[in-house]
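Single-structure report; data block below.
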Amino acid sequence: MDAIQFIYLVPLLPLVGFLINGLGRKTLSKSLIGLIGSGVIFLSFCISVLIFIAVSKEGFTTQDIQYFDFINVGKLNIPFEFQVDQLTSLFLLIITGVGFLIHVYSTSYMKEETQSGYGRYFSYLNLFVFSMLLLVLGGNYLIMFMGWEGVGLCSYLLIGFWFKEQENNNAAKKAFVMNRIGDVGFLLGIFWLISSFGTISYHDLYNSSNGIITSISAINSPAIVAITLLLFVGACGKSAQIPLYTWLPDAMAGPTPVSALIHAATMVTAGIYMIARSNILYSLAPTTLDVIAVIGTLTAIVAATIAIKQNDIKKVLAYSTVSQLGYMFLGLGVGAYSAAVFHVMTHAFFKALLFLGAGSVIHAMGGEQDITKMGGLGKKMRVTYITFFIACIAISGIPPFSGFFSKDEILSAAYASNPLLYYIGLGGALLTAFYMFRLLALTFAGKFRGTEDQLHHVHESNATITIPLVILAVLAAVGGLVGIPEVFVKNGNKLNDFLSPVFAHSAQIIASQEVPHQTEIILMIVSVILIITTSVWAWKKYKEYQPGTGEESVFGKAIKNKFYVDEVYDRIIVKPLNALSRLLDNVIDKKGIDGIVNGVGRGVNYGSRQLRLLQSGQVGSYILLMVIGMLLLFIIQLFTK
Amino acid sequence: MEIKWYLFLSIALFCIGMIGALTRRNSIIVFMCIELMLNSVNLLLIAFSKMHMATVNAFGTSMATSAQIFVFFIMIVAAAEVTVGLAIIVMMYRNTHSIDINFLNRLKN
Amino acid sequence: MLGTYFTFPELLLWIPFVTGLIAIFIKDAKSVKAFALFSSLATLLVSVISLCYTDVAHHPEYVDYNNVSYVWMPYIGSSFSVGLDGMGHLLTFLTAFSFPVIFAATYKSEFKNANAFYALMLLSQAGLMGVFIAMDALLFYFFWELALIPVYFLCSRWGGEKRIAATFKFFVYTFVGSLLMLVGIIYVYLHTPSFSQDSAHSFYIAAFYKAVLDPGQQSWLFWLFFIAFAIKMPIFPFHTWQPNSYEQAPYPAVMVMSGVMVKMGVFAMIRWLIPVFPAAAAKFDHVVIILAIIGIIYASCIAIVQDDLKRMVAWASIAHLGLMGAAIFAGNFTSLQGTMLAMLNHGFNILALWIIVDIINKTTGIRKISELGGLAQKSPMLSIFFLVIALANIGLPLTNSFVSEFLMLTGLFHFNKWYAAFACMGVILSAVYMLNMMKNVFYGKMNSLTENASAMSNLQKMVLTVLVIFILVLGIYPSLVLHLTEGTVSNILAHISVK
């Protein structure tokens, strides 16, 4: 219990790191900045481990720690509070653990930055970790939302880290605005929660004995469906699901470690965390769950399709991330919450590894990101190659590497819910195997296709880069063993047991359909065989790749251009909005409303000018008018009496 | 004599004065016409004063006195007007060598 | 001494008024500048001290420190009554805080006839203070005009090229509104009960709250007052004076207008409109909220395509004020508390924004967004300040306006879900225009115009640091303000529900 008292240190340390690095970016030496930046995260990680140990002890109950009244208005009381339970402690480990490795990696990767740029980078990165920790530690939706927007901000700052290039700034802006669209959904969800239930504290809502939501038994009540859908809009923005996914591939404009930390391992999984956190609410709204499952599956397959034709090493990984996030949502949608969280964890390992590996490659190639101009790097960069290979196996879902277990858990839950979802999901998995091994083959196998200069430059990166790679590779390889399916080992799914208190109430609401063990084994064997075949085929096909001039089919072209989604958005949203704004400004406002206002003024002016003509200066006409006026008065007097 | 004859005379004088003031351009004649109008009103007041000799007003005196006081007022105002008006006409003649009132439309612009 | 010889509202009013008159006679530009800064600091000091005497519930004697009434025109039932309640404290603090900030931030700028300029600035401060402390309708009207006139002269004498036309429009616009309000005030006055033996009616605020008006009368009186306040705020479609006059006015005057003066409209709606005409306010709430929400989206859209920094900030301000207008008429505790907080926050944020626009304009000589670029390399500190302030304007959590927007939207959502959903569009669009500005002004490459931009002065750095600290503190611990205004809001709500 003691460690939990110091929980505030977990986010506070990165915040301190942010302040020191931010303020001292011009005075502190680079090594000191790197040391502080990584050191605070390491300390947070140590505390997180202690908290994890405390949480996994027998008899632990969810703890709610209140610090001060954040907003206290009439009946609405929102304290600044943290909540610690199994889900939180797991996310703490992922964020600080992977975060620390990426910080260490960055100390070397960003060496060539200027002094103040280096400090700026680490302060942003620390700020990001702080926000992310706030997001998972928060004890109510408002604190979560603070972290939620905070990570969005850091993402914005880091995507646009090299702000001299307007392209990076555009990508950053796009990411922020798209996230904002989702955030508005999230915000409306919070408002609805407040107006329906009067509170947004998890403790009040989901408390197992007398929580407001926990005691609701009505399924699919309109308010809850609406709230869950609105919150899901937020998740769509943050976790890059259809239709708000297009920012993530563009976000690759940022430095590669940032892509690894923010746009693969942690921030983008915030949506999954949020839904897992509100699992009881979602379980009460099966309609929303269906929507989530469908959107997740669609995203998984669409993004995987786009990934097979991309040539930018980071873009491939970005679309792969979108697709993997789709799987996680599929898992949530079919009610397999712990499977989704499991996939978050394994994905954090192997996707961070892939990005860091890609960073190592890009570094070696002197900034080149096009995989058609690489090739044969495996011989020169052994560590990167092997670790990248492990990650590929893990993401493709080949046993006994981590991706296999988590993906299998999701897919079998999908099969139990609706076999169609399973088939599409499996199709996505095959595509994943294909594009990953295409990437691997194009990068590391065959002959070198770059320039002479680059060939001389290619070298294995130094230890600060390779050590995180190796650690992540080990985790990617064995990380799945915490969740071995029941089919193989009785009580093998340790993670499921660990998280079960969080999802206990949902399990009561959703009667989970179990797939018979026999079917499960058959499905598993078939899928593994298919995946291995695809992988080998892809490897063979691209091993000796030479850039050709082959004609693209229409479909291939569409895939290469990402189904023209960006163009469509530009055409139907951005341009009309701009045109509308111009119309409002130039026509409606200047000519319409201001026209009316000026028209009134002009009317008064005109009227006065006409009236002035009566003052002719002819005394006779004045007297005549006077006489007429008096006569009129007499007549009025006469007739009104 | 009946009151109506006074009324007819007064209206006739007033109308002559008014038409003269409206139509003539010679400012002295216009001036005289205005005087005529004022005096037609005076005549009317005197006539009514005679008619209401017996009626008592709020202060317990005859109504005739108020009308007669008014006549004096008007005469004094008319006298004052003549002084100022004739002075204006003299000044006007000095400046413009004309006593045409339409010459005095400089107020415009 | 306090409470017997002088009270806080009097001090807050007379210090700027008297120093303003004295400033006319200080011919030396440098000394009048210092004098004005010193005077405004004195006012700020008084205001800060007055904030220590707000806890009326526990210390009944504080009421005497904060309220005073003198005989003024007994035969028409008007007295010189001034007083501070929670909202008064809040807004007098904003006024007292803004002026030193404005003087310090523009300390380097030179103005012709400096004595007249600073005298008018101080007189406008006195007028603003008067509006926020007046407890008598006639006095309120008097100060309402007094605050307008110095600003009119400031804009028409020290403004930009097209200042005459813009200022004329501004003046006529607001003056028409004021006259409508005057008609309304007199009409309501004739229906008030007597508060003293000398007169049958009274201009005292409590008398106005007790005025006997049937719903039919309230309906048209409501609009007389509403138009006056809506023009000041401004609420769509009464806004067209604002972008033009902001564009033409000199920076200190713009800061006064957008930082403090627009709050007069919000303040007056809460104090003089809703409690006086509760039936009409309840009847027209949908109309007003719809207008306000149209204004939010409309102004945000227009802000996106503005190329002139001043105009962009002006439109952004209109959008933010729209949300306040909607929140006032949602009329529940949450939304009103949000509006209170928003008044203060908007004051800080827009001041900071103007200071930055001023710095950009002064150092580069241009205001066109499309011609700027790369300032982040030239002046990293300025870009950090702007980033924080832009984020505060967007309403990002941990900055001040997040809390106020959250409360206002929560209240609005409680009133009607769809209104809140549409009002949230402003949240998205504000991100678009603010980040556009960030991108085009600070990021990207430097060009020939921005290359020789010079740095900020120390005074400006200090002022911006103070503002940023306020932004963050209020974002993390908003209870500071929320406690202050709790009493006022419950009073207003009580008046609404009683009638």
Side-chain angles (χ1 to χ4, degrees), chain A residues 22 26 68-76 80 116 120 142-143 145-150 152-153 156-157 160 163-166 168-170 172-173 176-177 179-181 183-185 187-188 190-192 194-195 226 577-578 580-582 584-586 588-590 592-594 596-598 601, chain C residues 169 172-173 236-237 239-241 243-244 298 301-306 332-334 337-338 373-374 376-377 380 384 387 391 394 396-398 402-403 406-407 409-410 412-414 417 420-421 424-425 427-428 431-432 435-436 438-440 442-445 476-479 482-483 486 489-490:
Chain A
K26 281 184 188 147
F68 58 89
D69 273 359
F70 178 54
I71 291 178
N72 192 353
V73 174
K75 286 179 217 137
L76 179 66
F80 193 94
S116 70
R120 197 157 58 86
L142 195 66
I143 309 293
F145 187 72
M146 285 177 156
W148 188 273
E149 291 265 88
L153 165 67
Y156 165 77
L157 291 172
F163 56 74
K164 281 180 205 167
E165 297 302 322
Q166 282 298 18
N168 299 349
N169 298 325
N170 284 333
K173 203 185 98 190
F176 194 87
V177 172
N179 269 307
R180 264 263 137 159
I181 296 172
D183 293 348
V184 164
L187 211 51
L188 287 170
I190 296 179
F191 296 151
W192 208 316
I194 293 176
S195 78
L577 181 69
N578 269 331
L580 174 75
S581 304
R582 264 172 230 289
L584 287 179
D585 185 22
N586 293 330
I588 311 268
D589 199 64
K590 291 212 178 103
I593 297 173
D594 211 23
I596 293 171
V597 174
N598 289 340
Chain C
K169 192 171 186 177
V172 170
Y173 228 128
F236 175 88
H239 61 273
T240 51
W241 61 271
N244 290 332
Y298 180 86
C301 281
I302 292 180
I304 294 175
V305 292
Q306 294 304 313
N332 50 48
F333 200 87
T334 323
Q337 278 284 52
Q377 297 158 60
I384 293 169
L387 181 68
L391 294 174
I394 294 172
L396 209 79
L398 294 179
F402 169 69
V403 184
F406 180 81
L407 287 174
L409 288 170
T410 307
L412 196 58
F413 190 89
H414 197 69
K417 295 182 172 61
C424 277
M425 297 293 290
V427 173
I428 300 174
V432 177
L435 296 187
N436 253 341
M438 185 79 202
K439 187 188 104 184
N440 291 327
F442 288 95
Y443 291 163
K445 292 195 179 68
I476 296 166
Y477 197 66
S479 305
L482 294 177
H483 280 312
E486 234 163 25
V489 171
S490 9

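- Considering only heavy atoms from C-beta on, A:Trp148 stays 4.5 Å or farther from A:Leu187 through its side chain.
- For chain A, the nearby parts of C:Ile476 are the backbone and the side chain; heavy atoms of each come within less than 4.5 Å.
- Of the listed residues (A:Ser581, A:Gly160, A:Gly592), the greatest number of heavy-atom pairs within a distance under 4.5 Å of chain C belongs to A:Ser581.
- Contacts of C:Met438 with chain A are made by side-chain atoms alone, with heavy-atom separations under 4.5 Å and no backbone atom involved.
- If you take NZ on A:Lys75 and CZ on C:Phe333, they are separated by 10.0 Å, rounding to the nearest 0.5 Å.
- Although no hydrogens or angles enter the test, the distance criterion places no donor-acceptor pair under 3.5 Å between the side chain of A:Glu149 and the main chain of A:Arg180.
- Residue C:Phe402 holds its CZ atom at 6.5 Å from CD1 of A:Ile71, rounded to the nearest 0.5 Å.
- Under the 30°/60° scheme for interplanar angles, the aromatic rings of A:Phe80 and A:Phe70 are found to stand perpendicular.
- The closest side-chain donor-acceptor pair between C:Tyr443 and A:Asn168, if any, does not fall under 3.5 angstrom.
- Both the backbone and the side chain of A:Ile593 come within contact range of chain C, with heavy atoms under 4.5 Å apart.
- Here A:Phe176 contributes atom CZ and A:Ile181 contributes atom CD1; the two are 11.5 Å apart, rounded to the nearest 0.5 Å.
- Of the listed residues (A:Asn72, A:Asn170, A:Asn586, A:Ile596), the greatest number of heavy-atom pairs within a distance under 4.5 Å of chain C belongs to A:Asn170.
- Heavy-atom distances place both the backbone and the side chain of A:Leu584 under 4.5 Å from chain C.
- For chain C, the nearby part of A:Asn598 is the side chain; its heavy atoms alone come within less than 4.5 Å.
- For chain A, no part of C:His483 is nearby; none of its heavy atoms comes within less than 4.5 Å.
- Looking at C:Ile304, only its side chain comes within 4.5 Å of chain A, counting heavy atoms on both sides.
- At a 4.5 Å heavy-atom cutoff, the contact between C:Ile394 and chain A is made by backbone and side-chain atoms alike.
- Contact count against chain A (heavy-atom pairs under 4.5 Å) is highest for C:Lys417 among C:Lys417, C:Lys445, C:Glu486.
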Legend entry - Pair C:Tyr173-C:Thr240, side chain to side chain contact (heavy atoms under 4.5 Å, CB included): steps then yes or no: CA-CA 9 Å; C:Tyr173 228 128; C:Thr240 51; 3.2 Å; yes
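- Here C:Tyr298 is the residue among C:Tyr298, C:Tyr477, C:Phe236 with the most heavy-atom pairs under 4.5 Å with chain A.
- Here the straight-line distance linking atom CZ of A:Phe163 with atom CG of A:Leu157 works out to 11.0 Å at 0.5 Å rounding.
- With respect to chain C, the highest number of heavy-atom pairs below 4.5 Å among A:Leu153, A:Asp589, A:Val597 belongs to A:Asp589.
- With a 4.5 Å cut-off on non-hydrogen atoms, C:Phe406 touches chain A through its backbone and its side chain both.
- Looking at C:Leu396, both its backbone and its side chain come within 4.5 Å of chain A, counting heavy atoms on both sides.
- Atom NZ of A:Lys590 is surrounded by more than 12 heavy atoms from other residues, nucleotides or ligands within 6.0 Å.
- Contact of A:Trp192 with chain C is made through backbone and side chain together, with heavy-atom distances under 4.5 Å.
- Both the backbone and the side chain of C:Asn436 come within contact range of chain A, each with at least one heavy atom under 4.5 Å from a heavy atom of that chain.
- The backbone N or O of C:Ile302 sits nowhere less than 3.5 Å from a side-chain atom of A:Asp585 that would complete a donor-acceptor pair.
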